[in-house]
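Comments concern the structure below.
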Amino acid sequence: SVAELLGGTPCSFPVNALIACDDPRSAASEALEAVRQGFTSFKIKVGRGTLDEDEALVSAVRQAIGPEMKLRLDQNKAWGVAQAIESIRRLSRYDLQYVEQPVAANDISGLARVRHGVPVPIAADEALGTRSDLSRILDAEASDLFIVKAARLGGLRTALDVARLAHEAGKPVVITSSLECGVGIAAGTHLAAVLPSHPFAHGLATVLLFQEDLAVGLPLPEKGMLSALPGPGLGIQIDPRLASKYDAGIR
């Protein structure tokens, strides 16, 4: 298996549910359904409206899932530094596990200012695109943990190197998809399986967002857990019918 080739062993690990809608009532309903499916960690996208709207959304989800569940926020670079500090301080009352990439990817100093100005851990996501980015973020003390995406970093080995360097610096990592189909998700599961521990749920449940997927045999999250398949390679096959259906015609 790819996990073994990378030096690990296929295993199971926790993954978060993604609540992707803006309407508080719909978000609460999605969150309740995810609780019924066994998820214990939840991620909400915020920063697309006003702070009042963000708070209504976060409050509705927190009320729906209860106080014991883990809740994280993702701004997708939506805020400036001052706005991020104000917003995170206000939203911190909802017991946030961490906040992901609140400011622009290239604003490392701004990310550091946010980190030191709020009571919630800060995760670097889009800011981490290369090994050099990792060093810059560490030197600036700009992040408490790192979101590692193999596709953005250029492959599994580079992503694993970055994860190991972060671990050596005492920083946890969360393996997350970039909304790839099942092939990319399967690769992410093998990368996650190599990590020595899983203090945070990984963002690899996004295959649930697709109506169809090219991969055959890809495991779905079960009770908030996902597994890397033990067979050779990624452990999946490609459905030739769907591969033909979605062929982009590029040769």
Side-chain angles (χ1 to χ4, degrees), residues 14 16-32 34-35 39-129 133-134 136-149 166 169-174 176 199-203:
N16 70 265
L18 176 62
I19 310 300
C21 61
D22 295 328
D23 176 66
R25 182 175 296 181
S26 300
S29 178
E30 281 188 23
L32 279 173
V35 170
F39 285 95
T40 60
S41 182
F42 299 80
K43 176 176 172 178
I44 311 175
K45 298 280 188 177
V46 295
R48 292 176 286 194
T50 66
L51 179 51
D52 286 342
E53 290 170 333
D54 284 339
E55 183 168 16
L57 183 65
V58 175
S59 176
V61 172
R62 171 53 80 192
Q63 212 168 4
I65 64 178
E68 301 301 322
M69 301 295 182
K70 303 297 184 183
L71 182 60
R72 61 186 67 165
L73 306 183
D74 184 5
Q75 277 74 18
N76 286 120
K77 310 172 291 181
W79 292 332
V81 173
Q83 184 184 11
I85 292 172
E86 177 191 2
S87 299
I88 295 169
R89 284 177 177 173
R90 181 163 154 187
L91 297 175
S92 66
R93 69 186 69 175
Y94 299 101
D95 189 20
L96 304 178
Q97 188 181 39
Y98 64 78
V99 171
E100 192 173 313
Q101 197 63 50
V103 297
N106 61 354
D107 190 3
I108 304 301
S109 63
L111 192 65
R113 286 162 57 199
V114 173
R115 183 196 173 208
H116 292 289
V118 300
V120 177
I122 297 298
D125 181 2
E126 285 87 353
L128 179 62
D133 289 338
L134 178 72
R136 283 193 288 270
I137 296 167
L138 288 172
D139 290 344
E141 298 184 351
S143 182
D144 296 284
L145 64 151
F146 291 94
I147 309 300
V148 173
K149 295 177 176 174
K171 304 291 185 179
V173 301
V174 176
T176 303
F200 297 98
H202 299 290

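Throughout, residue positions are numbered sequentially from 1 according to the sequence presented.
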Audit row: K45, Q75, side chain to side chain contact (heavy atoms under 4.5 Å, CB included) steps and yes/no: CA-CA 6 Å; K45 298 280 188 177; Q75 277 74 18; over 6 Å; no

T176 vs V148 side-chain heavy atoms within contact, under 4.5 Å: no

pair V46-L57: side-chain heavy atoms closer than 4.5 Å: yes

Between CD on residue Q101 and CG on residue L73, distance to nearest 0.5 Å: 13.5 Å

Pairs where residues 110-121 contributes a residue and the test salt bridge (charged side-chain N to carboxylate O under 4.0 Å, His left out) is met, not counting sequence neighbours: R115-D144

Set of side chain to side chain contact (heavy atoms under 4.5 Å, CB included) partners for D52, sequence neighbours left out: T50, R90

Under 3.5 Å donor-acceptor, N16 side chain and F42 backbone: no

Test log, rule side chain to side chain contact (heavy atoms under 4.5 Å, CB included), inputs L128 and I147: CA-CA 8 Å; L128 179 62; I147 309 300; over 6 Å; no

Test item: Q63 and V61 side chains (from C-beta on) under 4.5 Å apart, heavy atoms: no

Salt bridge flag under 4.0 Å for residues D139 and R136: no

Set of residues satisfying side-chain hydrogen bond (donor to acceptor under 3.5 Å, both in side chains) with respect to S26, sequence neighbours excluded: D23

Minimal non-hydrogen separation, P102 against V114, with atom names: CG-CG1, 4.0 Å

L91 vs E55, side chain to side chain contact (heavy atoms under 4.5 Å, CB included): CA-CA, chis, key distance, verdict: CA-CA 6 Å; L91 297 175; E55 183 168 16; 3.8 Å; yes

Those residues that, when tested against S59, pass side-chain hydrogen bond (donor to acceptor under 3.5 Å, both in side chains) (two or more places apart): none

Gap separating the CG atom of D125 from the CG atom of D74, nearest 0.5 angstrom: 6.0 Å

Test log, rule side chain to side chain contact (heavy atoms under 4.5 Å, CB included), inputs V173 and L145: CA-CA 6 Å; V173 301; L145 64 151; over 6 Å; no

Reported CD1-to-CD1 distance for the pair I108 and I137, which is rounded to 0.5 angstrom: 4.5 Å

Ring pair (Phe, Tyr, Trp, His ring centres under 6.0 Å): pairs with one or both residues in residues 98-123, sequence neighbours excluded: Y98-F200

Check: S92 side chain, P119 main-chain N or O, donor-acceptor pair, under 3.5 Å: no

Shortest non-hydrogen contact from A201 toward V174: O-CG1, 3.4 Å

Where A124 and L111 come nearest, the two heavy atoms and their spacing: CB-CD2, 4.1 Å

By side chain to side chain contact (heavy atoms under 4.5 Å, CB included) - contacts of E30 (at least two apart): I19, C21

Residues that A169 engages under side chain to side chain contact (heavy atoms under 4.5 Å, CB included), provided they are two or more places apart: L138, K171

Heavy-atom pair with the smallest gap, counting every atom of A17 and F39: N-CD2, 3.5 Å

Qualifying residues under side chain to side chain contact (heavy atoms under 4.5 Å, CB included), relative to T40, sequence neighbours excluded: M69

R25, CZ: over 12 other non-hydrogen atoms inside 6.0 angstrom: no

Heavy-atom closest pair, residues F146 and A166: CD1-CB, 4.0 Å

Residues in side-chain hydrogen bond (donor to acceptor under 3.5 Å, both in side chains) contact with E100, at least two apart in sequence or another chain: K43

Partner residues of Y94 under the ring pair (Phe, Tyr, Trp, His ring centres under 6.0 Å) criterion, sequence neighbours left out: none

Nearest non-hydrogen partners of P24 and A60, listed with the distance: O-CB, 3.6 Å

Contacts of Q97 that satisfy side-chain hydrogen bond (donor to acceptor under 3.5 Å, both in side chains) - sequence neighbours left out: R72

Check residues 80-89 and write down every donor-acceptor pair under 3.5 Å in which the side-chain atom is one partner and the other belongs to a residue at least two apart or another chain.
| residue | atom | partner | partner atom | Å |
| --- | --- | --- | --- | --- |
| S87 | OG | Q83 | O | 2.8 |
| R89 | NE | G117 | O | 2.9 |
| R89 | NH2 | G117 | O | 3.0 |

E126 versus N106, side-chain donor and acceptor atoms under 3.5 Å: no

Close side-chain approach of L71 to V58, heavy-atom, < 4.5 Å: yes

Spacing of NZ belonging to K77 relative to CG belonging to D107, to within rounding of 0.5 Å: 12.0 Å

